[in-house]
Amino acid sequence: MLGLSFCPTDLSELLKDGTKESHDRAENTQFVKDFLKGRIKKELFKLATVALYFTYSALEEEMDRNKDNPVFAPLYFPLELHRKEALIKDMKYFYGEDWKEKIQCSEATQHYVDRIHHVGQHEPELLVAHAYTRYMGDLSGGQVLKKVAQRALKLPSTDEGIQFYVFENVSNAQQFKQLYRARLNALDLDKSCKERIVEEANRAFRFNMQVFDELDKIGKSLTEEAQEGGLPVHDGRGDLRKCPYYADKLGKAAPGCPYHAAVAMAKQPLVQLILAACVAVAAGAAAWYMM
Ligand code: HEM
């Protein structure tokens, strides 16, 4: 498989070049940047996994529908690529056996899902754009994300919770991507159809970015402690964000914890001077009274 050479009219090249800007933009969304830095709260990671579950359920349903359609058939790799079963394992790990009752499809994810179903049922020649955008990404950057998530969320090294990122039946991702590119190039498509596929792949990137932006917004309203169950009782020291009053206000107004306000005020030099003077006066008064 190695040593293949591609020409500029090959679909794999058109897709790679034609989505480069979208890829850069996707990599630079706040959600992805935070994720790469390991700044992801567990609850948000769970919601991202939920979004993936709905997305891949739709994608794989449409791919199954089109598995014998020549516009898609050469890209049908259920054993190697399909993620739905892996995502169900992740759902069970995060939400328990009754995971189905506990999750719902978000608005941004629903738009993406609707488009996938439309494509699968009415413009199946564009399905390849959706498969390309997700699976090629998962086999590339997805592997970085797996390690980041495992470390940041302290997930077990047995890969529980991150089955999505584990491609059990792909022993060499690089080689598999080459096979996938060769299959893309072997599709019998005219120039305008190839252009529509590139356009659709950019659309798929946009749907992904909308999901990321939605997650980013949700992330800002979450606190690690609130979702881990049980708020910590703070001692006035350490991370202000651990204060339940602060947590309540996070992302809204300024922190409103009376304890932190008092502690912060007491740290002001002028206030300290006044406090010291008060203590001295009180001590003097007490001493005078005792005499
Ligand atoms: C976490 C941020 C990301 C990183 C670090 C990353 C990294 C990479 C890398 C290194 C490649 C090149 C792989 C190769 O040529 O063998 C790649 C390719 C790709 N990525 Fe990403 N990526 C990220 C986010 C995304 C997102 C959000 C998507 C789409 C939802 C995506 C879709 C793709 C696709 C479709 C390719 C294949 C390009 C091609 O060879 O045609 N990536 N990514």
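As the structure lists them, so they are numbered: ligands from 1, and atoms in each ligand from 1.
Using a non-hydrogen distance threshold of 4.0 Å, V144 does not register as a contact of ligand 1. Judged by the shortest distance from any of its heavy atoms, L15 lies outside the 4.0 Å radius around the atoms of ligand 1. Contact analysis leaves Y135 out of contact with ligand 1, as no non-hydrogen atom separation drops below 4.0 angstrom.
The closest protein non-hydrogen atom to atom 15 (O) of ligand 1 is K16 NZ, 3.4 Å. With respect to atom 1 (C) of ligand 1, the closest heavy atom belonging to the protein is V32 CG1, 3.4 Å.
Put simply, atom 27 (C) of ligand 1 has protein non-hydrogen atoms near it, under 4.0 Å away.
Listed by chain and number, the protein atoms of type N/O/S under 2.8 Å from atom 21 (Fe) of ligand 1 are H23 NE2; waters are omitted.
Residue R181 holds the heavy atom nearest to atom 40 (O) of ligand 1 of all those in R181, R206, K177.
When side chains are defined from C-beta on, L126 counts as touching R196, because their heavy atoms get closer than 4.5 Å. In this structure, the side chains of I218 and L44 come closer than 4.5 Å at one or more pairs of heavy atoms.
Taking the centre of each ring, Y56 and F164 come in below the 6.0 Å mark.
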Let me have the donor-acceptor pairs involving side chains of residues 91-104, under 3.5 Å, with sequence neighbours excluded, atom names and distances please.
residue: D98; atom: OD1; partner: K102; partner atom: NZ; Å: 3.2
residue: K102; atom: NZ; partner: Y95; partner atom: O; Å: 3.0

